[in-house]
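Just the heavy atoms: all of them, side chains too, but no hydrogens, waters or symmetry mates, feed the values below. Residue numbers start from 1 in every chain, and the chains themselves are labelled A, B, ... in the order their sequence lines are given, proteins ahead of strands. Model, not experiment: these values are computed from the prediction.
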Number of protein chains: 2
Amino acid sequence: MGENLQNRLKLTKQPPLREEVALNLAIAASYFSGKIEKILGKFEISGAQYNVLRILKGVYPEGHARCAIAMRMIERSPDITRIIDRLEKQGLVERIRTEEDRRMSITKITGKGIEIVNKVNPLVSIEHAESTANLSDEECKLLSELTEKLYKDMG
Amino acid sequence: MGENLQNRLKLTKQPPLREEVALNLAIAASYFSGKIEKILGKFEISGAQYNVLRILKGVYPEGHARCAIAMRMIERSPDITRIIDRLEKQGLVERIRTEEDRRMSITKITGKGIEIVNKVNPLVSIEHAESTANLSDEECKLLSELTEKLYKDMG
DNA sequence: TAACATTATGTGTTGAAACAAATATAATAC
DNA sequence: GTATTATATTTGTTTCAACACATAATGTTA
């Protein structure tokens, strides 16, 4: 067992290899998201909200239906409606009802929403660079490949 | 960019290397925790609760103070008290007030708690093995080392 | 075209997380 | 030995997430 895991969780006995990976992955990811949420807190948006804004900015000036957003979320959330509700209340997105399919409500990012993402993105980039400073480019690529392999054929 | 990431998030342009790592890490970890929480749901406990039980089982028949538990959590939670409240209500842990330091409340896992962990652990092990089936032992070790490097010198 | 299934979103409710402030005890400094 | 500071936990409050169910529109099929 690595000494970092040992220090972090104060484990007394060596966990099986495939449990150790899972633990390390969870710790690393939680560490990352904590850093990012701290940045987002300054702008009074949550990680989930930022995720939605990031997705909508990608298709601006078009919008996305709720289910299209749900598919693209990093952490899948069953309750996009409420996340959009809050973003709408803050004036960061707007809902549009289309005539083609009146079930759908298309959500579009507003100018104010774009502005926030434009302010947040560089800070997030810097944080990512700093958080991964212990890894070389080669190691980053390797880590990307290994994690992608993990979720490859999962629903 | 790997095609798995491409498929999962439907990205149109290549993100910078160090953002790609962060995305992949978050997706993989979320995938893992989703699988585990599905198992835990059958026993009506949350991931955080299981985490506490796992920690307390490690020191049984002794217990831990609240802050000792907090330090050992995989995802750091500012609100262990409430998690313990709920576990206590379910009869899975008990609180003991020690005479040495009357500020502290020592939490100990009960027999019923141990029973649940003993039922859950094998299922979690199997899930971990299945979830990492795409990786060889060597790749698992590598992934462990890389993720440990990430959170190494972080608070 | 009426009936049924499917898809897309919204609502109601309950339980849990986040953050700040409060309480209680212990350790330290003077 | 009292005042101050630090530590350990709990409580209050507000916001957020999860789950099931409800509503509405579309698609499909006899």
Any pair counted as side chain to side chain donor-acceptor pair (under 3.5 Å), so long as it reaches residues 38-53 of chain A, sequence neighbours left out: A/Gln49-A/Gln90, A/Tyr50-A/Asn121

Please output the side-chain donor-acceptor pairs of residues 62-73 of chain A that fall under 3.5 Å, not counting sequence neighbours, one pair per line with the distance.
{"residue": "A/Arg72", "atom": "NH1", "partner": "A/Ala68", "partner atom": "O", "Å": "2.9"}

Partners passing salt bridge (charged side-chain N to carboxylate O under 4.0 Å, His left out) against [X] (at least two apart in sequence or in another chain):
| X | result |
| --- | --- |
| B/Glu139 | A/Lys149 |
| B/Arg95 | B/Asp85, B/Glu88 |
| B/Lys141 | B/Glu138 |
| B/Glu100 | none |

Heavy-atom pair of closest approach, residues B/Ile109 and B/Leu53: CD1-O, 3.7 Å

Rounded distance [0.5 Å steps], CZ in A/Arg76 versus CD1 in A/Ile80: 10.5 Å

Gap between atom OG of B/Ser131 and atom CD1 of B/Ile126 - 0.5 Å precision: 11.5 Å

Residues that A/Arg8 engages under side chain to side chain donor-acceptor pair (under 3.5 Å), provided they are two or more places apart: none

DNA chain D contacts made by residues 94-109 of chain A, counting heavy atoms under 4.0 Å: A/Glu100, A/Asp101, A/Arg102, A/Arg103

For chain A, the stretch of DNA chain D it reaches, first to last nucleotide, under 4.0 Å of its heavy atoms: D/dC16 to D/dT26

Pairs meeting criterion salt bridge (Lys or Arg N to Asp or Glu O under 4.0 Å) with involvement of residues 11-30 of chain B, two or more places apart: A/Asp137-B/Arg18

Strand-adjacent residues in residues 77-89 of chain A, judged by heavy atoms under 4.0 Å from DNA chain C: A/Thr81, A/Arg82

Any donor-acceptor pair under 3.5 Å from A/Glu127 side chain to A/Ile36 backbone: no

Positional range of nucleotides in DNA chain C within the contact set of chain B, heavy-atom, under 4.0 Å: C/dA16 to C/dA26

